[in-house]
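Step one of this worksheet: look at the structure below.
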Protein chains: 2
Amino acid sequence: MERVDRQSEEAVFTRVGEFADRDAFTAAGWCAMERSLQVVGTRSAMMLVREAFYGGRRFDDLVRRTGLAETVASKRLRQLVADGLMERTPYREPGARTRYEYVLTARGRDLFPLFVALMRWGQPAEDGVRGGVELTHAGCGATLVPAVRCEAGHDVPIGETEARIASR
Amino acid sequence: MERVDRQSEEAVFTRVGEFADRDAFTAAGWCAMERSLQVVGTRSAMMLVREAFYGGRRFDDLVRRTGLAETVASKRLRQLVADGLMERTPYREPGARTRYEYVLTARGRDLFPLFVALMRWGQPAEDGVRGGVELTHAGCGATLVPAVRCEAGHDVPIGETEARIASR
DNA sequence: CTGTATCCCAGCGGATACTG
DNA sequence: CAGTATCCGCTGGGATACAG
């Protein structure tokens, strides 16, 4: 087994330069991925976002559908609001007292591709697990799949990817 | 502020039925998202996957570039190998002794859209953070962005999404 | 119904020291 | 260079009890 063959076969990102100066950034926690994980890297956060995508709004519903303990849901929701992913707003149905609902902000809805990627990766095609939720394209009915594009609109396979130090 | 207006404005998933029978599945942990999080839901796992995408193979490099403690990296790598995301294989450079390298399996490379989604979400356009790694389309040079499609090839905006109980 | 306060446990991640 | 063993603090998450 030749090493060079496997290198090309794996098709990892092309590394520009030796990333010598990258280590400093990475060590300081200046990786965009790590910042994401600090906000949505917990199970409870993503479960609450999931239910928000499914249309859950009231605290009680979110707790029941996620299966989280109330105390965990409470703390995490407060955090999600503080981080700008959700908004807690009062509303009032006719004849009922004021209640609060949690809704995703634009920043929260931006998690859509991340959510689809997580759902898809956790459910391989040949998986024999029965039940569960399937995400589909309304009308067309086909299953959702995550994809990667560039801002110019091209589809980008993993082998055509470059990672470089952003010089801003 | 009307509630109905905000509902449509938010454009969450369309819920088919009342998800009455979904609760049982969710409670039992049969959510694809949760299964994903059990494998790659930790900071160390995603950081190691990140470095593997960047081309890191040797234990020493992975430790240095992630900034993880050796013990954490060791345990997590073993877990990633057990979970089928990475492979630990011996190789031998001419004149040197046998070493081991960690490479992503196909299952690990399937994390590509998830990785891009995490990187992108953590780096908003107006972000003033200097430096960091930017992922681009080789040749074209444009920044990578995560997208959602259906298996029929259509782009799927968040408003055209349905969530339903998979009846398998 | 919508939370909060308190206590507790398990798991993640780091520090240190040690092996082949 | 490539790990492992041990210890230890912090946080995520659950259970229970309580409040507006």
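Computed over heavy atoms, backbone and side chain alike; hydrogens, waters and symmetry mates excluded. Proteins get letters first, then strands, A, B, ... in listed order; numbering begins at 1 in each.
In this structure, CD on Glu51(B) lies 7.0 Å from CG on Leu62(B), to the nearest 0.5 angstrom.
In this structure, Leu77(A) atom CG and dG12(D) atom P are separated by 14 Å, rounded to whole Å. In this structure, Glu70(B) atom CD and dG20(C) atom P are separated by 17 Å, rounded to whole Å. Arg88(A) places its CZ atom 8 Å from the C1' atom of dG3(C), with the value rounded to the nearest Å. In this structure, NZ of Lys75(A) is placed 10 Å from P of dA5(C), rounded to the nearest angstrom. Rounding to whole angstrom units, CG of residue Leu68(A) and C1' of dG3(C) are separated by 14 Å. The CE-P distance, from Met46(A) to dG13(D), rounds to 13 Å in whole Å. Atom-to-atom, CG of Leu48(B) to C1' of dA2(D) comes out at 14 Å; the value is rounded to the nearest Å. One atom, CD of Gln38(B), and another, P of dC12(C), lie 11 Å apart when rounded to the nearest Å.
Side chain of Arg97(B), nearest nucleotide from dC1(D), dA17(D), dC12(C): dC1(D). In this structure, of dT2(C), dG3(C), dG13(D), it is dT2(C) that holds the atom nearest to the side chain of Asp60(A). Taking every side-chain heavy atom of Ala69(B) into account, dG14(C) is the closest of dG14(C), dG13(D), dG3(D). Listed candidates were dG3(D), dG13(D), dT2(C). Nearest to the side chain of Phe59(A) is dT2(C). Of the candidates dG3(C), dG13(C), dG13(D), the closest approach to any side-chain atom of Tyr100(A) belongs to dG3(C).
Contact annotation for Arg76(B): backbone-only contact, meaning every heavy-atom pair under 4.0 Å involves sugar-phosphate atoms and none involves a base. At the heavy-atom level, Thr71(B) lies under 4.0 Å from base atoms of the strands shown.
Between Asp60(A) and Arg99(A), none of the side-chain N atoms (NZ, or NE/NH1/NH2) sits under 4.0 Å from a carboxylate O, so this pair counts as no salt bridge.
Contact annotation: Arg58(B) side-chain N/O to dA2(D) OP1/OP2 distance is under 4.0 Å. Applying the 4.0 Å criterion to OP1 and OP2 of dG14(C), one finds that Arg43(B) has a side-chain N or O inside that range. A close approach under 4.0 Å does not occur between any side-chain nitrogen or oxygen of Ser44(B) and OP1 or OP2 of dC12(C). A close approach under 4.0 Å does not occur between any side-chain nitrogen or oxygen of Arg78(B) and OP1 or OP2 of dG3(D). One finds a side-chain N or O of Tyr102(B) lying less than 4.0 angstrom from the OP1 or OP2 phosphate oxygen of dG3(D).
In this structure, the salt bridge (charged side-chain N to carboxylate O under 4.0 Å, His left out) partners of Glu151(B), at least two apart in sequence or on a different chain, are Arg120(A).
In this structure a side-chain-to-backbone donor-acceptor pair under 3.5 Å is present from Trp121(A) to Arg107(B). Here the side chain of Arg43(A) pairs no donor or acceptor atom with the backbone of Glu34(B) at under 3.5 angstrom.
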